[in-house]
Student: 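Here it is: the structure, laid out below.
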Amino acid sequence: MTTAAIADTLHQSQLLKGVLSVLLLRLLAERESYGYELVVRIHQAGLTGVAEGTVYPALARLDREGKVASRLVPSTSGPARKYYRLTPTGHHALATGIAAWQRLVDVMAPLLSQPIPPQPTAPEGS
Amino acid sequence: MPGILDRARLELFIQRLDYHLSDLPRDRRRLIRGELRANIHAAAAEVGVRQAVANLGRPSVLAAGYAAAEGRPLPRYRTGAWWAGGALVLYVWLLLVYAMGFSDGGQAASGLARHITTSFLGASIQANGGAKSLSVSFSAYVLLLPTVVFLLASRSWRALPPVRRRLATSSSPTSTDANLTDPY
């Protein structure tokens with residue numbers, strides 16, 4: 001991995017930190033998953049900058065907050081896996097999170113889509 | 001089934017993580033270890049144990065993430081243990097200095113044959129000039145100092161459940177957590 005790719009990964013990771021919970025809830029709304037499976041699904045979606053070390057504690061937090069519930073499923077290749085699913089509280093939090101994200105995008109997108117001026121203009125009144 | 005080296009690598013990571021998780025309740029730590037083992041096994045089937053462990057980052061950072069996920073301030077038992085140990089060492093050092101000074105001073109003032117005693121913060125010091133001996137005996141109060149230091153430095157009151165939770169009359173555990181224990 002090049003330095004630029006690492007920097008991009010870190011940057012992406014920081015950007016995603018605030019919406020990781022919403023992302024996890026959204027994925028769990030589709031289907032039940034265990035920790036590593038969620039990591040793979042996130043990476044497959046193109047968000048390769050999301051580290052496993054941030055996903056597992058985030059799942060623990062969602063579990064504590066009652067937004068997800070869990071059950072153990074035996075595995076043939078190792079210890080039993082803890083599968084997470086959305087709870088009604090999680091559904092509500094997901095809807096709220098998506099609405100908040102949409103409001104942010106509605107504000108940010110027009111701002112960021114404008115071309116970047118080559119030089120900042122002088123302050124008004126000077 | 002991973003080889004011996006891979007199993008050792010996995011165990012080392014789990015143990016290092018567990019060390020950094022020491023402020024969490026024991027049952028909680030066992031659940032985290034159990035779930036993490038399953039995730040590492042799943043990842044190792046695709047990328048190998050070495051890479052699976054590397055992908056988790058530093059154990060201290062991962063542990064900090066789990067601690068933050070608790071959503072409440074945690075007791076700091078390790079910090080408390082260090083402070084209590086430090087307080088004990090300081091106490092013993094002060095006691096020795098005091099006892100030596102007392103012995104020398106007492107003998108010089110009272111003569112060699114005198115048997116003199118004093119006390120210092122829960123310890124009884126006896127100096128026998130004739131036998132040129134110095135003995136120190138401790139009472140149970142000596143343990144009070146490191147205990148108090150430990151309780152304060154570890155912020156042990158954080159281990160108490162919040163008042164609201166204690167007052168709650170009903171609790172309905174629905175999670176499977178109780179079954180997900182680390183067998184190791």
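Below, each value reflects all heavy atoms present in this structure, side chains not excepted, and no hydrogens, waters or symmetry copies. Chain letters run A, B, ... following the sequence lines, proteins first, then strands; residues in each count from 1.
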Student: Which answer fits Ala42(B), side chain, backbone, both or neither, if we ask what part of it has an atom under 4.5 Å from a heavy atom of chain A?
Tutor: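 Its backbone and side chain both get close to chain A.
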Student: Considering only heavy atoms, which portion of Ile40(B) lies under 4.5 Å from any heavy atom of chain A: side chain, backbone, both, or neither?
Tutor: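 Ile40(B) has no heavy atom closer than 4.5 Å to chain A.
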Student: Test: ring-ring contact (aromatic ring centres under 6.0 Å, His included). Region: residues 11-40 of chain B. Which pairs qualify, not counting sequence neighbours?
Tutor: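 Counting only pairs at least two positions apart or across chains, no ring-ring contact (aromatic ring centres under 6.0 Å, His included) contact touches residues 11-40 of chain B.
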Student: Sub-3.5 Å donor-acceptor pair from the side chain of Thr87(A) to the main-chain atoms of Gly66(A), do we have one?
Tutor: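 Side chain of Thr87(A) to backbone of Gly66(A): a pair is present.
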Student: What donor-acceptor contacts under 3.5 angstrom involve side-chain atoms of residues 88-112 of chain A, with partners at least two apart or in another chain?
Tutor:
from     : atom 1 : to       : atom 2 : distance (Å)
Thr96(A) : OG1    : His92(A) : O      : 2.9

Student: Go through Ala44(B), Gly71(B), Ala45(B), Gly57(B) and name the one with the most non-hydrogen pairs under 4.5 angstrom from chain A.
Tutor: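 Maximum pair count with chain A is reached by Gly71(B).
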Student: Assess whether salt bridge (charged side-chain N to carboxylate O under 4.0 Å, His left out) is satisfied between Arg81(A) and Glu37(A), documenting all intermediate values.
Tutor: CA-CA 10 Å; Arg81(A) 292 167 179 169; Glu37(A) 189 184 7; over 6 Å; no
